[in-house]
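Everything numeric here is computed off the predicted structure, so don't read it as measured data. Values reported hereafter were calculated over all heavy atoms of this structure, with side chains retained and with hydrogens, waters and symmetry mates removed.
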Amino acid sequence: MLIATFNINNVNRRLENLLAWMRKAKPDVVCLQELKAEDWAFPADKLERAGYGAVWKGQKTWNGVAILARGKKPVLTRKQLPGDHEDGQARYIEAAVNGIIVASIYAPNGNPQPGPKFDYKLAWLGRLHQHATVLRKSGAPIVLAGDYNVAPTDLDIYPTKSWENDALIQPESRAAFKRLVGRSWIDAMRRMHPNERIYTFWDYMRNRWPRDAGLRLDHLLLSPNLKDRLSEADVDREVRGVDGASDHAPAWIRLRT
DNA sequence: ATGTCTCAGCGTCTGAGA
């Protein structure tokens with residue numbers, strides 16, 4: 001079973017890119033982030049025609065997350081992260097697919113830092129940690145996939161000083177991610193490629209794609225009971241190079257059935 | 001400070017967010 005995460009950066013603007021990649025990669029499950037569409041504007045009919053059922057949580061202009069499943073509709077279990085009733089941002093959706101609980105995650109960017117947006121990012125990652133623990137203790141197999149907006153270590157960013165003050169690599173951001181992963185969750189990409197520089201995001205600015213000046217921000221965390229099923233993990237980098245591409249590429253894992 | 005891209009709105013540019 002192939003499970004992918006893809007920050008699409010506007011699902012309607014880039015629907016043709018998404019469908020072209022899906023025809024080629026044939027993922028069983030796709031977690032999407034940054035839909036940038038309200039619920040009514042989500043292209044469910046077109047995805048259905050491509051063979052995928054979907055659950056989604058949209059929002060006007062910003063954020064928005066979805067889970068797609070080939071040949072079936074995911075069974076929705078949650079549409080928001082617990083822990084803050086005031087939080088109306090569409091950054092979390094969770095569903096059961098093929099016996100696995102899958103979450104599509106879009107963590108806050110957190111810039112500029114320091115400031116309220118950075119505080120919100122750290123608090124949000126803390127809430128995710130709490131909820132991830134609840135999920136893990138349920139004993140179900142779980143995949144937490146999405147854009148965490150954290151490059152966990154210096155191996156997850158090209159050698160540079162340009163991002164020194166950016167929320168994506170601050171020690172507090174990295175510590176929050178590390179706490180979440182803890183000793184239980186498996187960072188699937190790192191498990192399969194312990195020492196490689198692997199990126200999932202290349203900023204539009206400053207020629208960063210042609211220079212391969214990327215960051216690894218999109219992660220698939222597996223609950224420990226999925227350890228022996230993980231057979232492959234990679235990034236479909238070429239997707240970043242096509243016309244009208246998102247600034248992220250799809251990251252994916254393969255699980256033995 | 002800049003670079004890129006996109007969208008919304010007191011709109012054919014500007015500010016905001018990533």
Side-chain angles (χ1 to χ4, degrees), chain A residues 5-21 31-43 46 56-66 81 84 86-93 104-125 128 145-152 156-170 172-174 176-177 199-219 235 237-251:
Chain A
T5 179
F6 189 7
N7 179 324
I8 194 65
N9 187 14
N10 195 324
V11 70
N12 287 306
R13 187 93 175 73
R14 266 172 262 285
L15 186 61
E16 286 316 310
N17 300 48
L18 174 64
L19 292 172
W21 166 72
C31 296
L32 294 174
Q33 300 86 32
E34 286 207 86
L35 303 178
K36 296 186 173 177
E38 291 182 77
D39 279 337
W40 60 266
F42 183 79
K46 288 171 182 152
W56 64 93
K57 177 153 175 73
Q59 186 182 325
K60 190 176 182 180
T61 313
W62 311 115
N63 310 320
V65 283
L81 194 58
D84 184 358
E86 312 273 278
D87 187 357
Q89 300 191 26
R91 297 182 175 276
Y92 186 91
I93 191 166
S104 180
I105 284 160
Y106 179 50
N109 171 295
N111 282 307
Q113 74 76 33
K117 292 189 174 183
F118 192 58
D119 296 341
Y120 173 61
K121 173 183 193 153
L122 298 177
W124 199 94
L125 288 170
L128 179 60
D147 179 358
Y148 286 72
N149 266 316
V150 178
D156 301 306
I157 178 169
Y158 65 101
T160 179
K161 290 194 190 302
S162 315
W163 297 78
E164 252 176 14
N165 295 314
D166 198 285
L168 303 181
I169 68 160
Q170 290 313 299
E172 296 95 323
S173 306
R174 288 177 165 177
F177 183 78
Y199 308 138
T200 63
F201 162 84
W202 296 260
D203 201 294
Y204 289 124
M205 291 186 270
R206 295 186 168 183
N207 239 15
R208 291 219 166 101
W209 165 248
R211 290 164 50 212
D212 194 26
L215 291 83
R216 190 172 73 99
L217 304 180
D218 301 272
H219 311 298
V235 178
R237 284 173 56 100
E238 69 282 357
V239 171
R240 179 62 181 83
V242 305
D243 278 350
S246 166
D247 42 6
H248 294 248

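When the C1' atom is used for both B:dA8 and B:dG3, the distance is 23 Å, rounded to whole Å. Comparing the C1' positions of B:dA16 and B:dG11 gives an interatomic distance of 15 Å, to the nearest angstrom. When the P atom is used for both B:dC10 and B:dG17, the distance is 16 Å, rounded to whole Å.
Rounded to an integer number of Å, the gap from CZ of A:Arg13 to P of B:dT4 is 17 Å. Regarding A:Gln59, its CD atom lies at a distance of 12 Å from the P atom of B:dA8, rounded to whole Å. A:Asn17 has its CG atom 14 Å from the C1' atom of B:dC5, to the nearest Å. Rounded to an integer number of Å, the gap from A:Asp166 CG to B:dG3 P is 18 Å.
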Checklist line | Under 4.0 Å protein heavy-atom contact, by nucleotide of nucleotides 10-18 of chain B - B base, S sugar-phosphate only | finding: -------SS

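Between A:Phe201 and A:His248, the ring-plane angle classifies as tilted under the 30° and 60° cut-offs.
Applying the salt bridge (charged side-chain N to carboxylate O under 4.0 Å, His left out) test to A:Asp87 and every residue at least two apart in sequence or in another chain returns A:Arg127. Here A:Asp247 pairs with nothing under the salt bridge (charged side-chain N to carboxylate O under 4.0 Å, His left out) rule; sequence neighbours left out. Residues meeting the ring-ring contact (aromatic ring centres under 6.0 Å, His included) test with A:Phe42, sequence neighbours left out: A:Trp56. Not counting sequence neighbours, the partners of A:Arg237 by the salt bridge (charged side-chain N to carboxylate O under 4.0 Å, His left out) test are A:Asp212.
Note on A:Arg208: nothing from the nucleic acid sits closer than 4.0 angstrom, heavy atoms only.
Contact between the side-chain N/O atoms of A:Asn207 and the OP1/OP2 oxygens of B:dG3 is not found at any separation under 4.0 Å.
Listed by first and then second residue, the salt bridge (Lys or Arg N to Asp or Glu O under 4.0 Å) pairs that reach into residues 109-125 of chain A come to none, sequence neighbours excluded.
Between A:Asn9 and A:Lys60, it is A:Asn9 whose nearest contact on DNA chain B lies nearer the 5' terminus.
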